[in-house]
Amino acid sequence: MNNFEYKQAANTHNAIDLINQAPEAAFVAGGTNIIDLWKYNLTHPSSLIDINHLNENAEITTLEDGKVRLGAAVKNADTAYHPVIAEKYPLLSKAILAGASAQIRNMASNGGNLLQRTRCYYFYDPDVPCNKREPGSGCPAKDGYNRIHAILGTSEECIAVFPSDMCIALAALEAVVSVSGPNGDRSIAFADFHRLPGDRPDLDNTLERGEIITSIDLPEEGFSDHYSYLKLRDRHSYAFALVSVATAFKLNGSIIESARIALGGVAHQPWRSIEAEAFLKNKEANAENFAAAADLILRGAKGFGSNDFKIALAKKAIIRNGLMALNPESQLPGARPSA
Ligand code: SF4
């Protein structure tokens, strides 16, 4: 690790001022990813701006229009177990609790969850090339061991996946990210926050330099009657998803009024298919239609050898999770966290 300055931001504006005073400065909240990156010698911040004490971003608030605002500084565990979230947005609670370990969820912040970096093995190995770490150097994952890598939205430059569970539920719920920066405040639709690698795999998201996430707004509709989050991984705990699915329905009897399906572990961003969700509208909620929707979602999916299995796995996961969403109470113990 390099020598660095530690500064504690007093409020959001002070945090923005501090980060813009030093080009190599970085924010730290829970530190659950940046400290790893630092220890692997992948980042070398000259200043660490501690944003754990920004009280204005430290609460979960129900707004007058029925939306719910998640402060960026709120811990993942506090979000998952918050009574309003557990009751109104159980899909989000379940996705958060599927991620990492209890210790990490106690430390990790909501804002930081959105900003975590890929777990591609090659990205973390400074002795091999990696276009995300060093643009133009190459991507050994494409012809290497790529069991955890993407099958959708890949580019010649990068086939990494975004590793979050929480963000897959936020994508399905159509959350909105609020940010502040030197040019003022703005809102970013969740679908526009994370990006595909294209020819700039070094950029994970659309945040501008010097901007800070202040909150994440959840729309009033929480799909609390019909939802499911399914995470398939190599071991049952403390592992990243090979494939995950967040599914939510509004039903009229057995007919789907609206559907949301977001996939994790398959792309550089949470993956949604508006076409597949439109296909399910006014259809019977059954395995046959979920399979047809899965074919739409996975159209164009491509494996790279070790991860070919993900295409069939994702299809089965979409069907299974659709059926589980019809009756959330029938899911495995812990499916609906109690407040
Ligand atoms: Fe780097 Fe992306 Fe290739 Fe992994 S997949 S080695 S992160 S360029």
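Throughout, numbering of the chain's residues begins at 1 and tracks the sequence. From a predicted model like this one, the values you see are computed outputs, not experimental measurements. In listed order, ligands and their atoms are each counted from 1.
Taking the six-membered ring for Trp and the full ring otherwise, the centers of Y145 and H149 sit at least 6.0 Å from each other.
When only non-hydrogen protein atoms are considered, atom 6 (S) of ligand 1 lies nearest to Y122 CB, 3.5 Å. Protein heavy atom in closest approach to atom 2 (Fe) of ligand 1: C158 SG, 2.4 Å. Looking at atom 1 (Fe) of ligand 1, its nearest protein heavy atom turns out to be C130 SG, 2.3 Å.
Between T32 atom OG1 and N76 atom CG the span is 7.5 Å, to the nearest 0.5 Å. Rounded to the nearest 0.5 Å, atoms CG (D78) and NE2 (H82) are 9.0 Å apart. Note that CG of N307 is 9.5 Å distant from CD1 of I148, once rounded to the nearest 0.5 Å.
At a threshold of 2.8 Å, atom 3 (Fe) of ligand 1 has a backbone or side-chain N, O or S atom of C139 nearer than that distance. Among the atoms of C120, an N, O or S atom falls under 2.8 Å of atom 4 (Fe) of ligand 1.
The side-chain tip of K283 points at the ring of F279 from less than 6.0 angstrom away and within 45° of straight on.
The contact set between ligand 1 and E157, taken as ligand atoms under 4.0 Å from a residue heavy atom, comprises 8 (S).
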